[in-house]
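So the structure is just underneath, and the comments pick up after that.
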Amino acid sequence: MLDRRFIVENAELVKRNCANRGARIDVDRFVELEQSRKARLIEVEELNHKANEVSKSIGKAKDQAERESRKEQGRQLRQQTQDAQAKLDSVAAELDELLRQIPNLSHPDSPIGADDKSNLELFRGKTPLPEFDFQPLDHVELAEKLDLVDFEAGANVAGHGFYFLKNDAVLLELALQRYAIETLMGEGFTPVTTPDLARNEILAGIGFIPRGPETQIYSVENTDLSLIATAEITLGGMLAGQTLDAESLPKQLCGISHCFRTEAGAHGRATRGLYRVHQFTKIEMFVFTLPEESDAMLDRLREIECRLFDGLEIPYRVVDTATGDLGGPAYRKFDLEAWMPGRGEFGEVTSASNCTDYQARRLNIRYRVKGEKGTRFLHTLNGTAIAVSRALIALLENHQQADGSIIIPEALRSWMGKERIAGWPR
RNA sequence: GGAUGGGUGGCCGAGUGGUCUAAGGCGGCGGUCUUGAAAACCGCUGUGGGCGAGAGUCCACCGGGGGUUCGAAUCCCUCCCCAUCCGCCA
């Protein structure tokens, strides 16, 4: 969320930003409520002050009669305080509701537009689009012929959108994880495996809405826990409530987790195969930085993603995400979209965001500069290293051969233990 | 899951209803002394917020939330977390 005072002092800017992002928020109402909140806060503080004075005087009162009269005075003041506090609370609650809906500011270079149609292609990866001298198959057909994925069993066990990986697909998943982790460790990231569940409070701090008809989140009945949609949630939550020394930044984590998504309302749209599934494994980067370093760090995350996909020899394009497609927390977002021959189009495989202090303010993560008074909110960034299910699609479809085999890119061979998934006679 | 003991400032730790304005120590910062340093001594040293041009002043904060009371770190309820033991278990 944004700083309250900033919103009041920059109401026009915030309004314009909300419009660019397609967020319908009554910013004027917010400003009005914030002013009212301050007035009520002053009232409560003054009453508290008076009541504190009275309470202190009781201990020093000289006789019983005086004590009793002061007590009565105290009772009245406390009653008034309570009434004033109730008014303050109700204003604050409405204000907070609004505040949480206001999206982050946007980077001046982010393309302005209502949705992903306005996303701006920046450049392409090193690998050219494949040219097949045979009719290429999509990953679902390939997986079936090579016995790599069992969608039917997944559906029987857990429903549509679930699947079993089998045989070389399992080795590929492990190889992809190892490849990503080794690369990131080389970049100074600390590898972690994270819980696959988190408290709803943490989900909300990162910017997810755990309940409601539109939610992407599976929640666990009779608890305040949800299945995580990304390790961003747990990695960001790892330091919730903490104040770090500036010298300890940046803190770079990479987490392996499963990701669970209900995909509510997504039916009928790209639901074939592994593209839009309810569960997948993902290696995620998460970074806590100083504010002045977050822009450069976002570029770095994007570069790492490019290196990972160049290494996998998968063609992709890099996209600068339009304001209307940024979601709530992101200030700027770059996606990598891999070429997927089966779909005949590019499909999102990674996403890197600079969330500036938006998540840090919600999660109360601060830093302290040696010799300076007070603390400030740090910046958080996240980026996909490898989302296994979508990386699998791109790998299988781009590296398929005329004989039905799949060539394993050089970078994965040592982890995979082979250079080819054997095919079948076409 | 059950039992017991805990959670206090950057860290350790005292504090069981009213000068708590949270003792004391460690660490940190500044000073005295010294050629310099150490030691010793002296002083300062939390976070968030309100009002104020500022000096300053007020409010809140002792794991989170709620309650009792004129008054809560202290009493009550509840949740979370930590430690130890028991049970279950890969």
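Quantities reported herein were computed from a predicted structural model and do not represent experimental measurements. Scope of the values below: all heavy atoms of this structure, side chains included, with no hydrogens, waters or symmetry mates. Chain letters run A, B, ... following the sequence lines, proteins first and then strands; every chain starts at 1.
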Task: salt bridge (Lys or Arg N to Asp or Glu O under 4.0 Å) partners of residues 26-36 of chain A, not counting sequence neighbours, each pair once - done: A/Arg4-A/Glu34, A/Lys15-A/Asp28, A/Arg29-A/Glu32, A/Arg29-A/Glu94, A/Glu34-A/Arg37
Open item on the list: Rounded to whole Å, how long is the line connecting atom CZ of A/Arg376 with atom P of B/G48?
Closed with: 12 Å
- [ ] Take atom P in B/C44 and the same atom in B/A23, then report the distance between them in whole Å.
- [x] 12 Å
- [ ] Specify the residues of residues 38-48 of chain A, ordered by number, for which at least one heavy atom lies under 4.0 angstrom from an atom of RNA chain B.
- [x] A/Lys38, A/Leu41, A/Ile42, A/Glu45, A/Asn48
Open item on the list: Give me the distance, rounded to whole Å, that separates B/C80 from B/C29 when you measure between the P atoms they each carry.
Closed with: 42 Å
Task: B/G63 and B/C81, which share atom name P, separated by this distance in whole Å - done: 16 Å
- [ ] Among A/Leu396, A/Ile314, A/Val349, A/Asn398, find the residue that satisfies the side chain to side chain contact (heavy atoms under 4.5 Å, CB included) test when tested with A/Met340.
- [x] A/Val349
Task: A/His107: ring-ring contact (aromatic ring centres under 6.0 Å, His included) partners, not counting sequence neighbours - done: A/Tyr331
Task: Opposite nucleotide pairing with B/G43, Watson-Crick or G-U, both atom distances under 3.5 Å - done: B/C29
Open item on the list: How many whole angstroms separate atom CZ of A/Phe377 from atom P of B/U47?
Closed with: 14 Å
Task: Partners meeting side-chain contact (heavy atoms from CB on, under 4.5 Å) with A/Thr183 (sequence neighbours left out) - done: A/Tyr179, A/Leu308
Result block: side-chain N/O donor-acceptor pairs under 3.5 angstrom for residues 197-207 of chain A, not counting sequence neighbours:
unit_1: A/Asn200; atom_1: OD1; unit_2: A/Ser226; atom_2: OG; d: 2.5
unit_1: A/Asn200; atom_1: ND2; unit_2: A/Asp224; atom_2: O; d: 3.3

- [ ] Using the P atoms only, state how far B/C26 lies from B/G13, rounded to an integer number of Å.
- [x] 15 Å
Open item on the list: If you assign A/Lys373 and A/Glu53 each to the RNA chain B nucleotide with the nearest heavy atom, which residue ends up on the more 5' nucleotide?
Closed with: A/Lys373
Open item on the list: Under the rule for side-chain contact (heavy atoms from CB on, under 4.5 Å), what residues qualify as partners of A/Leu122, not counting sequence neighbours?
Closed with: A/Leu120, A/Arg302, A/Val318, A/Asp320, A/Phe334
Open item on the list: Work out how far the C1' atom of B/U45 is from that of B/G10, and round it to whole angstrom.
Closed with: 11 Å
What nitrogen or oxygen pairs link the protein and nucleotides 65-72 of chain B at under 3.5 Å?
unit_1: B/C70; atom_1: OP1; unit_2: A/Arg75; atom_2: NH1; d: 2.2
unit_1: B/C70; atom_1: O4'; unit_2: A/Lys71; atom_2: O; d: 3.3
unit_1: B/C70; atom_1: O2'; unit_2: A/Ser55; atom_2: OG; d: 2.9
unit_1: B/G71; atom_1: OP1; unit_2: A/Arg78; atom_2: NE; d: 3.4
unit_1: B/G71; atom_1: O4'; unit_2: A/Ser55; atom_2: OG; d: 3.2

- [ ] Please list, chain by chain and in numerical order, all residues satisfying side-chain hydrogen bond (donor to acceptor under 3.5 Å, both in side chains) with A/Lys145, sequence neighbours excluded.
- [x] none
Open item on the list: If you assign each of A/Lys50 and A/Lys370 to its closest nucleotide in RNA chain B, which residue comes earlier from the 5' end?
Closed with: A/Lys370
- [ ] Whole angstrom is fine here: how far is it from CD in A/Gln35 over to P in B/G49?
- [x] 18 Å
- [ ] Quick one: look up who B/G17 pairs with, Watson-Crick or G-U, both distances under 3.5 Å, and put none if it's unpaired.
- [x] none
- [ ] Measure from CD on A/Gln242 to P on B/C11 and round the result to the nearest Å.
- [x] 11 Å
TODO: For residues A/Gly327 and A/Arg21, report the shortest heavy-atom separation together with the two atoms involved.
DONE: O-NH1, 2.6 Å
TODO: Taking atom P in both B/A55 and B/G50, compute the distance separating them and give it to the nearest angstrom.
DONE: 16 Å
Can you give the donor-acceptor pairs under 3.5 Å from side chains of residues 282-291 of chain A to other protein atoms, not counting sequence neighbours?
unit_1: A/Lys282; atom_1: NZ; unit_2: A/Thr230; atom_2: OG1; d: 2.8
unit_1: A/Lys282; atom_1: NZ; unit_2: A/Glu284; atom_2: OE1; d: 2.7

